[in-house]
Q: 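Below you'll find the structure I mean.
What you are looking at is a predicted structure, and each value in this text was computed from that prediction instead of being measured. Residue numbers start at 1 and run along the sequence shown.
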Amino acid sequence: MASNSTKSFLADAGYGEQELDANSALMELDKGLRSGKLGEQCEAVVRFPRLFQKYPFPILINSAFLKLADVFRVGMLGSLASIIPERKNAHHSIRQSLDSHDNVEVEAAVFAAANFSAQSKDFAVGICNKISEMIQGLATPVDLKLKLIPILQHMHHDAILASSARQLLQQLVTSYPSTKMVIVSLHTFTLLAASSLVDTPKQIQLLLQYLKNDPRKAVKRLAIQDLKLLASKTPHTWSRENIQALCECALQTPYDSLKLGMLSVLSTLSGTIAIKHYFSTVPGNVSSPPRSSDLVKLAQECCYHNNRGIAAHGVRVLTNITVSCQEKDLLALEQDAVFGLESLLVLCSQDDSPGAQATLKIALNCMVKLAKGRPHLSQSVVETLLTQLHSAQDAARILMCHCLAAIAMQLPVLGDGMLGDLMELYKVIGRSATDKQQELLVSLATVIFVASQKALSVESKAVIKQQLESVSNGWTVYRIARQASRMGNHDMAKELYQSLLTQVASEHFYFWLNSLKEFSHAEQCLTGLQEENYSSALSCIAESLKFYHKGIASLTAASTPLNPLSFQCEFVKLRIDLLQAFSQLICTCNSLKTSPPPAIATTIAMTLGNDLQRCGRISNQMKQSMEEFRSLASRYGDLYQASFDADSATLRNVELQQQSCLLISHAIEALILDPESASFQEYGSTGTAHADSEYERRMMSVYNHVLEEVESLNRKYTPVSYMHTACLCNAIIALLKVPLSFQRYFFQKLQSTSIKLALSPSPRNPAEPIAVQNNQQLALKVEGVVQHGSKPGLFRKIQSVCLNVSSTLQSKSGQDYKIPIDNMTNEMEQRVEPHNDYFSTQFLLNFAILGTHNITVESSVKDANGIVWKTGPRTTIFVKSLEDPYSQQIRLQQQQAQQPLQQQQQRNAYTRF
C-alpha cells in the first residue's frame, strides 16, 4: 500500500508519465513533505528544483518556499529575504525566535535577521535596538555576540541608523579588546563604512591606527584586508596622510607577509585617482617632496625583493606612478620601472609554479600599460620579451605572446620589427601534443598575425603550415584559423578551414567550416582591388559575391534549432547587400560615361525647376543609391541593437560597417544631390588615438581621408562631373581594401541572455482565440524570467525590461451594425525592473470592435548605461471580441420591432403602385 502511494506521488508530481498542472504537482509534493517517512520527505525536497524549472513563476515559488520553510523552520525563512523582504509576519517570527531558548532556532534567527536587514529598511530599523541590547547584555554568550555583530553591517539604509550602529561598534572595539571581538567588530565597521559612504575617512584612520599600534598579527592582517577593500571601493576618500602613514608602516615592518599586504593596498591605490592626489603640489606645503619620496623609496626597495609578490607590487606601483604622473622630477623612474620589469620577467619566466605565473601576469600587464602610457619605452620592452621568449617555459611563453599581441595592437609600428624573431621561434618550437604546446602554437600564431600588417608572406605561411602538419589536434588548427579571420589574414584562414573539412564528424560542423572557407575566399578576392581601376573593382566584387552566396547557403545549412546562428546569418547578408550596393554605385558612376545626359536635359531641368535633372538619369540613380546606403545603415543599427550578448569589439565592428554606409551616403549627398546644404561638422575628424584594433585604426584613417576629399571637391565643381564619380569610386575601393575582421561573437558566444514570457489568460491551443465581451476590458498579465548562461553579466547587465503590447484587427464579425468605439487599436508600453530575474506587469486592453484580434507582446531590455537592446522574444495570442448579451438582446428587440413597420411600408408601396 505504501509503495502504491509513493508511486502515485511521483507520477502525479509530474515525474512519471502523468503530467499535472502546477497546483496539483505542488499538492502532491506537499504530501511527500508531510509524510512520516524520512526517505519520502527527502525525495520530495529534491523534486522541488524540477518543479521550479518547469513553472518558474512567483505564486508557485512563494507557496513552495513557505512549505519548505515549514520543514526547515527559520533557516529557510532567511533564504526567502530577497523574495518577501517586507512581510511583517516574517519580521515578527524572527524577532520572537531571537528570544528562544533553543540554540538552533536562535542561530537560524540570527541568519534570517542578517538577510532581512540587508533587504528591508523597516526591519533593519526595528531590529537594530534589539540586536544592540543582545550584544550589550551580560547574559548573552560571547559566541552569540560574535554572530550578532555582523548584522550591524546592514544598518546603512539611512544616516541616523548608520550612526547609531557605528557608535555601538566603537564601544565594542573599546570595551572588548579580545582578538576575536576586535576582528569581528573592525570588519563589520569596515563593511558598514563602505556601504554608507559617510564615515569612510574615519574608518581608514581607525584601521591605520590598529595597523600601526596593535601588536597582534591577526589584527594587523584584518586591518590590511579591510584597507584593501576600501582602497578598491572608495579610493577618492584616501588622503595624503593616509597613504603616507601606510608607506611608513610598510617601511618599518620586519615581516614580509605584512609588507606584502600593505604593498598590495598601495598597488591598488596607485592605479586610481589617489596617486594623483598624493603627488599633487599644495601651495605653501613644504612637506610635499619628502612625503612623495617615501612611496617612491618603498617601491624602489621592493622591486628587487627576494619575495616575488613584494617585487611584483613594487613594480606595479612604479609603473602606475610613471604612467599617471608626468612631472619632470619623476621621469627618472622610467628606467627603474623598466629594469624592475626585466628582472621580474627573467625570474618568473623560468618557473612553472602557479605563484610564478601569477606574478608574471602582473609584470606583463605592467609592460602593456607602460608601452601604452610611455610609447618611447615600448621598443626596449618588446626587445626584452623577444629575447626572453627563447629560454622561457611554455606556460610563460603563452602569457608573453599575449603581452606582445596587446602591445602590437596598440603600436603597429613595432609589428614588422618583431616578425622575424617570431618566425624563427615558430620554427624551433616543440611539436609535442601537450595542452601547453597547443596553446603556445595558437598564441604565437596570433602574435604573427597581429605583427604582419598586410597578408602573410609565402615563407611565413609555409612555416606555420609545416608546424601544423605535425599537430594531430584539429581544434588547434581551427583556433589559429579563427584568429586569422579576426586579424584579416583571409588567405591563410581559407587554407586552414579547407584542411579541416574532412576532420569533422557532424554535417553541421562541415557546413560551418565550409561557410567560413567561402567567406575567407570571398574576402580574399577583394585584396586585388586597385585605385582608379573601376572595371577590375567590379570584377573583384562580383567574384567575392559569388563565394559569399555559396557561403551563406552553407551557413544556413549549419544552423540548428538550438543554435540558429542568427547573428552570423544577418551579418553575412548585410555584407552581401553592402557589396551589391557598392557594385551598383560604381556602375552608376560609370553610366556618366556610357550614358551621358541627352541634349534636351538642360531644357527639362529648367522646365521642372530642378537643376540636377540636367545630368540625366544619373541623378535619380544617385538618389536611389543614397537611400540604399541609408537603409543598410539602419539595418546595421538593428543588428547592433539585437546583439545584447556581443563583446565590445564585435559591436564596434558592426558600428564601423554602419559608419561606412553613412559615409558613402553623406558623400553622395555632399557631392551630387545637395552640395549647398552639406555640412561636415558632424562628420569631423574623429582621430585614431583611441582605436582598439588595427582594423578600426585603418577604417578610421579611410573615413578621414574620404571626408577630406569630399570636402575639397564640395562646391568646387558643378555636379555631376567625372571628379565627383571618381571620388565616390575611390572611396568604395579604399573601404574594401581594408580586410574585413570577423570578430569573436561571430565564432564564440561568451555571454548568453534570453527572456521567457508567459501570458495569462492563455488558450489551451495556441491557435484558439480567447473569448472576451466587447463591453469589457481584457486584463492581460505578462510574466517573464530572465535566463542566463554560465557567465551572466559578463559584458552588460539588464537594468529593466520594456514590454510593448499592440493589437490589430484580423477579421471583422459578419454582422453589420454600429457600435460605439472608444479606441480602435491598443498600443501600450511599460518598463519593469526584474527582481531576482523575474518580472511581471498587467495591461488593460479594449476590444470594442467585434471580430478576431491579434495581440503581440514584444520585449526589449535596457542595460545599466541606459542603452535599449531589442532582445525579444515576440509572443502572439488571438482574442475574439463577442457582443455582450444585453446589447445583443436590445438589438434583437429593435430588429423585431422594426419588422412590422417595414412590412406595413411595403404593403403601402404595393397599394400605391
Side-chain angles (χ1 to χ4, degrees), residues 78-86 90-91 94 98 109-132 134-136 145-174 180-211 219 221-239 242 246 261 264-265 268-269 272-274 793 797 799 833-836 864:
S79 301
L80 291 175
S82 59
I83 300 175
I84 52 171
E86 305 298 338
H91 297 179
I94 296 171
L98 286 173
V110 171
F111 170 74
N115 288 353
F116 273 86
S117 297
Q119 299 290 335
S120 172
K121 176 182 177 181
D122 293 340
F123 180 80
V125 172
I127 205 68
C128 183
N129 292 333
K130 175 70 175 176
I131 298 296
S132 301
M134 293 182 67
I135 292 174
Q136 294 175 323
K145 290 183 178 181
L146 292 174
K147 295 175 182 178
L148 288 170
I149 290 174
I151 299 178
L152 297 176
Q153 66 179 291
H154 303 299
M155 305 300 167
H156 54 74
H157 298 281
D158 58 49
I160 299 176
L161 187 64
S163 177
S164 62
R166 184 172 179 84
Q167 290 177 3
L168 175 60
L169 288 169
Q170 186 71 54
Q171 294 175 6
L172 291 176
V173 169
T174 308
K180 288 185 178 180
M181 188 66 75
V182 170
I183 288 177
V184 174
S185 301
L186 273 181
H187 187 57
T188 305
F189 224 151
T190 302
L191 295 176
L192 178 62
S195 300
S196 61
L197 301 177
V198 176
D199 297 312
T200 306
K202 293 181 180 179
Q203 182 63 22
I204 294 174
Q205 293 176 1
L206 180 64
L207 292 172
L208 288 171
Q209 180 182 347
Y210 271 90
L211 177 62
V219 177
R221 282 194 293 266
L222 186 276
I224 292 172
Q225 173 189 334
D226 288 354
L227 284 171
K228 188 169 185 179
L229 173 65
L230 295 177
S232 59
K233 280 196 170 186
T234 58
H236 58 282
T237 60
W238 284 70
S239 64
N242 297 147
L246 190 58
S264 68
V265 179
T268 303
L269 287 171
T272 65
I273 192 65
K797 298 180 181 179
Q799 183 73 23
E833 292 188 5
H835 183 66
N836 294 329

Q: Which atoms form the tightest heavy-atom contact between Ile135 and Lys145, and what is the distance?
A: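 Closest pair (atom of Ile135, atom of Lys145, distance): O-CE, 2.8 Å.
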Q: By the definition side chain to side chain donor-acceptor pair (under 3.5 Å), identify the one residue from Thr190, Thr237, Thr234 that meets it with Gln203.
A: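 Single pass found, and it is Thr190.
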Q: Give a yes or no on this: more than 12 heavy atoms of other residues, nucleotides or ligands lie within 6.0 Å of atom NZ of Lys797.
A: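 Counting other residues, nucleotides and ligands, NZ of Lys797 stays at 12 neighbours or fewer.
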Q: Quick one: list whatever passes side chain to side chain contact (heavy atoms under 4.5 Å, CB included) with Asn242, sequence neighbours left out.
A: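 Testing Asn242 for side chain to side chain contact (heavy atoms under 4.5 Å, CB included), a comparison that skips the adjacent residues, returns Ile204, Gln205, Leu208, Trp238, Ser239.
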Q: With distance as the sole test, does Ser232 use its side chain to make a donor-acceptor pair with the main-chain N or O of Leu229 at under 3.5 Å?
A: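 Yes, the answer is positive, given that a donor and an acceptor are paired below the 3.5 Å cut-off.
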Q: Applying side chain to side chain contact (heavy atoms under 4.5 Å, CB included), name anything that partners Ala194, two or more places apart in sequence or on another chain.
A: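 With sequence neighbours excluded, Ala194 shows a side chain to side chain contact (heavy atoms under 4.5 Å, CB included) to Leu230, Lys233, given in chain and number order.
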Q: Locate the shortest heavy-atom distance separating Asp226 from His187; write the atom from each residue and the value.
A: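 Closest pair (atom of Asp226, atom of His187, distance): OD1-ND1, 2.9 Å.
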Q: Where do Ile149 and Met181 come nearest, in terms of heavy atoms and distance?
A: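 For Ile149 and Met181, the tightest heavy-atom pair comes out as CD1-SD, 3.3 Å.
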Q: Treating His91 as the side-chain partner and Pro85 as the backbone partner, does any N or O pair qualify as donor plus acceptor under 3.5 Å?
A: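 A pair under 3.5 Å: yes.
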Q: What heavy-atom pair brings Gln153 and Thr188 nearest, and what distance separates the two atoms?
A: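 So the two residues come closest at N-CG2, 3.5 Å.
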Q: Any side-chain donor-acceptor pair under 3.5 Å between Glu86 and Gln119?
A: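 Absent: no donor and acceptor within the cut-off.
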Q: Taking side chain to side chain contact (heavy atoms under 4.5 Å, CB included) as the test, write out the residues that go with Lys121, two or more places apart.
A: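 Result, side chain to side chain contact (heavy atoms under 4.5 Å, CB included) vs Lys121: Val125, His157, Asp158.
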